[in-house]
Amino acid sequence: MSSFSITLPDGSQKSAAPGERPLDVALAISPRLADAAIVARVNGALWDLTRPFDGDATLEILTAKNPEALEVYRHSTAHLLALAVLELYPETQLGIGPPIDTGFYYDFDRPVPFTPGDLEKIEAKMWEIQARDLPFERVLTRKDEGLVKYGDMWMKAELIQERADEIFSEYTLGPGFIDFCRGPHVPSTKKLKAFKLLSIAGAYWKGDEKRKQLQRIYGTAFFTKKEQDEHLARIEEAKRRDHRKIGAELDLFSIQELAGPGLVFFHPKGGIIRKTLEDWMREAYLQRGYSLVYTPHVARVDLWKTSGHFGFYKENMFTVMALDDAEYQLKPMNCPCHILVYARKPHSYRDLPQRLGELGTVYRYERSGTMHGLMRVRGFTQDDAHIFCTPEQIEDEIVSCLEFAQDTLKTFGFEKYKAEISTWDGGASGKYDGAPEQWQLAENALRRAVEKLGIEATVVTDEAAFYGPKIDMKLVDAIGRLWQLSTVQFDFTLPRRFELEYIGEDGKKHQPLMVHRALFGSIERFFGILIEHYAGAFPVWLSPVQVAVMPITDKQLDYARQVAKELESDGVRVYLDDRNEKVNLKIRDAQLQKIPYMLVCGGREAEQGTVSVRHRKHADQGVKPLAEFRDQIKQLIATRANND
RNA sequence: GCUGGCGUAGCUCAGCUGGUAGAGCAUCUGAUUUGUAAUCAGAGGGUCGGGGGUUCGAUCCCCUCCGCCAGCUCCA
């Protein structure tokens, strides 16, 4: 048989005899490349380095530099985990073991749950196997044979039944392990140099809560120990910034058992921050042509029946309260209330757009295991607005919503974000409401708006809400995490259900377009994100206490009072630390409370009308006249500076 | 809701195989008058998450409820 022609990415060609593998080609190019190789790309698809060519091909050798290689590497580590578990606990049944963003997991079915101690044993076993340098080998099997072979492994058998082709691939790892798997994998366990098991958790088979719950072991894996250590350090950093921890340390908020889970109490210090957020948002509403409305927290069930929430959202609503005149329910969304405000009277096209905004508090029944600090709660306040407009106006409205969102992100110190347009499936499934023309119009408006603003947006098909397409802004925080925040979404359903209309230029009735938008998302969640973003060290304008004034002895108490009073008269939030304590302690406490500025007032300062300024981050800033400091801090507050 | 772990003073935690609880910080009182991350001393404070059971006796063992944590499912 003649040899195959292998084309490399640079266009050069090599010939390969039948039976030769990508690894051989890599070796021929350079031993170092062969050593660095993780996986190959052959004719555009990922291949094992040790899988022989079956014809002419294009070949790319992937190394640690390629993100796809990392996925393969982690997938192989998952197999290593499965083998370790089987060697230690042979009765275990295997589910699936894919790579994920930060590592991998493997799902197991085992009568006895794993314990944290088992995790250590399993990891030790993994290293032991790694040292054996076992090869990952691809084996082809016929489906009917496979079903017999995996007959006593219920999950694998189910997967083969559903997914396998007539001939499918399996991967062995040493003599005792074989797994139904598409692959590819690294050549051998020796390639796996940095991994660590992290946690055990329950997970439903195929993500279906009606199916059996399995035990999932999570792990992380990187090409080098260094990268892995950096990743583990990031996890530690995230823990350090946890808003629940900082919220307690800085006395910002609490959730109280007596009142119930998912219900947030803002303490004085959290309250002042919330007020600052709310004031900014309300002011922005008015500046941008929104009207402020206020609507009730409860309404008759009839309203929720008309809106449809009583049907499709019932699971998430607090149960019905029966009063003597009718049944009532807490509002889970503001939309129906804003619609009632719109629908109170006929509208001319001249009145449009109507932008009705509210900081609207809603209550949703979240299942007990799903609450998380401020991020997921049962009662929360949305910065919610609904825009009612004509088709001609829609594009401008979307553009200004997105500008508003950008301004919000920037104001609160988020430089980076990602945008995502979610569209429907073209009507294929029938699960989406609204006419195709409406979807078309809306999607075009979203696309043109992001284009106009030069925002890069990815489009995801079949991810829209059933009532309309949307665009979401996800922010990137100080340590690179992504948070879903602002959302701008169309709603084709509610205007129809409530029979909304306006009188057009032609004197006829038309249905207005309705856009729902929230920029903070929820004030509680946004507050939580802010806490983590700044790690509690809020910029001056948001800090609950902006300045701590600390007299050195009680001889300077009068002067310190005067300093505090002058700053307060400018609206600065001041804490006068008049405790009979040493400055060292006062500074320590102020630092721990992350108060931006500390003003030490001793005898010299009192005499000269100065203050000794200390910044929480830049430490001692030297002595300044009080007036100078006042101007400085007033400037920082007025400009909502993010750096101080 | 599910799986697993956990629940001891306001906070962080100790308490050997069951014999009715202890430290540091915080709080209060007193002393000290202090110069850029913890001055010293004394005092008060807990029905050991709630309820039930086993036992002569339960913070410890069992049951049940509540809550928290990590995931799953869902989601602003």
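Every chain is numbered from 1, with letters handed out A, B, ... down the list of sequences.
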If you look at every heavy atom in A221(A) and Q228(A), which pair is closest and at what distance? CA-OE1, 4.0 Å
Selected nucleotide, minimal atom distance to E581(A) side chain, candidates G35(B), U39(B), A76(B): U39(B)
Which nucleotide in U33(B), A37(B), A76(B) has an atom nearest any side-chain atom of E366(A): A76(B)
E209(A) has its side chain closest, among U73(B), A76(B), G35(B), to U73(B)
With a 4.0 Å limit, can you tell me whether Y105(A) has a side-chain N or O closer than that to the phosphate oxygens OP1/OP2 of C72(B)? no
Between G35(B) and R614(A), is there an OP1 or OP2 to side-chain N/O distance shorter than 4.0 Å? no
Around atom CG of D279(A), are there more than 12 heavy atoms of other residues, nucleotides or ligands at under 6.0 Å? yes
Examine the base of G1(B) for any acceptor or donor lying under 3.5 Å from a partner atom in the side chain of Q213(A), and report the outcome as yes or no. no
Taking C2(B) as the reference, what is the distance to C65(B) when you measure between their P atoms (whole Å, please)? 9 Å
Can you check the distance between A58(B) and G49(B), where both ends of the measurement are the P atom (answer in whole Å)? 15 Å
Given G35(B), C72(B), U39(B), the nucleotide with the shortest approach to the side chain of Y204(A): C72(B)
Base, sugar-phosphate, or nothing: which does G207(A) touch, judged by heavy atoms less than 4.0 Å apart? sugar-phosphate
Among C72(B), U34(B), A37(B), find the nucleotide with the atom closest to the side chain of T553(A). U34(B)
Considering only side-chain heavy atoms of V377(A), which listed nucleotide, U39(B), A76(B), G1(B), is closest? A76(B)
Show every donor-acceptor pair shorter than 3.5 Å between a side-chain atom in residues 523-540 of chain A and any protein atom, with sequence neighbours excluded, or say none if there are none.
| unit_1 | atom_1 | unit_2 | atom_2 | d |
| --- | --- | --- | --- | --- |
| E524(A) | OE1 | T381(A) | N | 2.9 |
| E524(A) | OE2 | R274(A) | NH1 | 3.3 |
| R525(A) | NE | M375(A) | O | 3.2 |
| R525(A) | NH2 | M375(A) | O | 3.2 |
| E532(A) | OE1 | R481(A) | NH1 | 3.0 |
| E532(A) | OE1 | R481(A) | NH2 | 3.1 |
| E532(A) | OE2 | H243(A) | N | 2.8 |
| E532(A) | OE2 | H243(A) | ND1 | 2.8 |
| H533(A) | ND1 | A478(A) | N | 2.9 |
| H533(A) | NE2 | G413(A) | O | 2.9 |
| Y534(A) | OH | F412(A) | O | 2.9 |
| Y534(A) | OH | N642(A) | OD1 | 2.6 |

Can we call the ring centroids of Y432(A) and Y467(A) under 6.0 Å apart? no
Side chain of N584(A): nearest nucleotide among A38(B), U33(B), G1(B)? A38(B)
Side chain of T370(A): nearest nucleotide among U73(B), U39(B), G35(B)? U73(B)
Do the two ring centres, one from F266(A) and one from F253(A), sit under 6.0 Å apart? no
Quick note, R367(A) side chain, CB onward, closest among G1(B), C75(B), U39(B) is G1(B)
For RNA chain B, write out the stems as range with range, using runs of 3 or more consecutive Watson-Crick or G-U pairs with both distances under 3.5 Å. B:1-7 with B:66-72, B:10-13 with B:22-25, B:27-31 with B:39-43, B:49-53 with B:61-65
Salt bridge between K245(A) and E249(A), side-chain N to carboxylate O under 4.0 Å? yes
Show the distances under 3.5 angstrom between N or O atoms of the protein and N or O atoms of nucleotides 65-70 of chain B.
| unit_1 | atom_1 | unit_2 | atom_2 | d |
| --- | --- | --- | --- | --- |
| C66(B) | O2' | E257(A) | OE2 | 3.2 |
| G67(B) | O4' | E257(A) | OE2 | 3.4 |
| C69(B) | OP1 | R244(A) | NH1 | 3.0 |
| A70(B) | OP1 | R244(A) | NH2 | 2.9 |
| A70(B) | OP2 | R244(A) | NH1 | 3.4 |

